[in-house]
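In what follows, a structure is listed as structure tokens, so that the remarks can point back to it.
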2 protein chains.
Amino acid sequence: MPTTPLFRRIDVAPAYQKVADAIEREIINGRIKPGEPIGTEQQLVAQFGVNRSTVREGIRVLEEGGLIRRDSSRRLQACLPRYNKLATRLSRALILHEVTFRELFETSMTLEVASVEGAVERATEENIAELAGNLERSAAVVGNPAALAELDAEFHVLMAKASQNRVLQLAREPAAQLFFPTTEMIVGGVPEGGTRLVEAHHHLLDAIKRRDKEAGVLWTRRHLQDWRRGFEKIASLDRSVEHTYMEHAYAARQ
Amino acid sequence: MPTTPLFRRIDVAPAYQKVADAIEREIINGRIKPGEPIGTEQQLVAQFGVNRSTVREGIRVLEEGGLIRRDSSRRLQACLPRYNKLATRLSRALILHEVTFRELFETSMTLEVASVEGAVERATEENIAELAGNLERSAAVVGNPAALAELDAEFHVLMAKASQNRVLQLAREPAAQLFFPTTEMIVGGVPEGGTRLVEAHHHLLDAIKRRDKEAGVLWTRRHLQDWRRGFEKIASLDRSVEHTYMEHAYAARQ
DNA sequence: CTTATCAATTTGTCCGACAAAGCTAGATTT
DNA sequence: AAATCTAGCTTTGTCGGACAAATTGATAAG
């Protein structure tokens, strides 16, 4: 053993990480509130006493984590991490783990049912109005698979919102991002698919209005089973969510 | 309008972002597989024709996103984004959105029930052995709230794993990360809490072994209701998951 | 009071440099 | 000859300085 090295090895993390952690702490514990400015790179350089390159690496970390962003004029400010940005990364992870549509379907079934149950219990007038607006627009584009698929995804987002449960909203998002893009393929490939979809949404909204949980759950099940039958006509549930398919869900990120 | 600027404004994204996107694409579409090396910073500098600082900023973005990491000797390599790293980001988001324990409880109830249903249907012998091992260790530390709480969290992770549904595993993680740390407080604060917890786990494992879905769901509900009653003795369900509390879930990240 | 102009900031990028840690391969020891 | 040691080469993390483009703010002009 060489000369006993008294007191070493305390400072483990690299500087850029410490910069990121320091800023993160201020945001998490509320000393910097969402929307408030973080300061310029120069100021951070001065405060932390490190080089600008180092500060910038730390900033990238936080930016990617969704904790800070640059406003219209590129000034740094704290922000609330947006669900769907984070969800995009989760979706990416799911793809890389090569999950199957069966797993996606099963989980979505669970989450959408929970979502509608919450909506039936707690939807506000505003929630219902939003859903009604979506339904109206959907009915108008029933023959256009792309537009209808997009509105379908929105409908389910609105329903999760109506549940007033933000944890649920977040939990369903990653699966939904991978699940719903297939709607277009299905509606386009199955005659009457569009009509059935709008009809299901109609019943769902109706159930929410009447606070009829049983009907809500029933129609959610039917709606998803419909999706499943449609999907099985064009692909296998046990195939993984492929890289090629991914480009749909992915391009949407931008 | 000044001199008509023929052909401009194509190159929107900053260079570091393009570097990150380029590497990300290679990983997502499978040309670089998890575990494979990305190359040294110098090589990336040469390939992309940008400065090393720029490359490094791009690397930070991917690193934070969990798509690449540095191995033991700090060389860059692609990797599979780990669920719990991503889940930590989500938990952080939930905290910042100031979700309540009620939302957390409701969603966890849904997800844990789905989890046990899957486990009852599809648990392998290995899954069951892991659960049994956990149960045995739990029984041995029934008087130690901290150790028991940790094993409780692990039990539920193992159950999700036993469901063979990776989407579900991922979906439950963020809520679980915030939900389970309270177990320690509850078990420590309620007499017989530890015993009841181990008993519930025992019944759950038993239900899985007997492939008895009804019993599995029943005991999951009881188990969580127990948590809820315990929680309400020490705090309100409608209080937000506070910043102070967060330090638990948070320190665990490290 | 609005508009045009101009200087000061700020960001994104580049260049070059250096210490510390890791790796490689030749030199040394057994 | 096998194991070990050592010295040199790489690579990463960090630093300092520099500059063009975009943005801001303030000042001057109408």
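Scope of the values below: all heavy atoms of this structure, side chains included, with no hydrogens, waters or symmetry mates. Chain letters run A, B, ... following the sequence lines, proteins first, then strands; residues in each count from 1.
- Applying a 4.0 Å cut-off to non-hydrogen atoms, none of the residues of residues 34-48 of chain A approaches DNA chain D.
- The distance between atom CZ of B/R70 and atom C1' of D/dT12, rounded to the nearest whole Å, is 7 Å.
- Residue pairs meeting the ring pair (Phe, Tyr, Trp, His ring centres under 6.0 Å) criterion with at least one member in residues 43-90 of chain B, sequence neighbours excluded: A/H97-B/Y83.
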Give the table of side-chain donor-acceptor pairs shorter than 3.5 Å for residues 168-175 of chain A, with sequence neighbours excluded, one pair per line with atom names and distance.
residue, atom, partner, partner atom, Å
A/R172, NE, A/E112, OE2, 2.8
A/R172, NH2, A/E112, OE2, 3.2

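- Residues forming a salt bridge (charged side-chain N to carboxylate O under 4.0 Å, His left out) with A/E26 (at least two apart in sequence, or on another chain): A/R31.
- With rounding to the nearest 0.5 angstrom, the CD1 atom of B/I23 is 14.0 Å from the NZ atom of B/K18.
- Residues forming a salt bridge (charged side-chain N to carboxylate O under 4.0 Å, His left out) with A/E150 (at least two apart in sequence, or on another chain): none.
- In this structure, the CZ atom of B/R74 is 8 Å from the C1' atom of D/dG13, given to the nearest Å.
- The distance from atom CG of B/D71 to atom C1' of D/dT11 is 12 Å, rounded to the nearest whole Å.
- Using a 4.0 Å cut-off, no side-chain N or O of B/R75 falls inside it from OP1 or OP2 of D/dT11.
- Residues satisfying the salt bridge (charged side-chain N to carboxylate O under 4.0 Å, His left out) test with A/R102, not counting sequence neighbours, are A/D238.
- Applying the side chain to side chain contact (heavy atoms under 4.5 Å, CB included) test to A/T183 and every residue at least two apart in sequence or in another chain returns A/A149, A/D152, A/F180, A/V187, A/L197, A/W227.
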Please write out each protein N/O paired with an N/O of nucleotides 13-15 of chain C under 3.5 Å, distance rounded to 0.1 Å.
residue, atom, partner, partner atom, Å
C/dT13, OP1, B/A15, N, 2.2
C/dT13, O4, A/R52, NH2, 2.9
C/dC14, OP2, B/N51, N, 2.8
C/dC14, OP2, B/T54, OG1, 2.8

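- In terms of the salt bridge (charged side-chain N to carboxylate O under 4.0 Å, His left out) criterion, A/R69 has no residue partners (sequence neighbours excluded).
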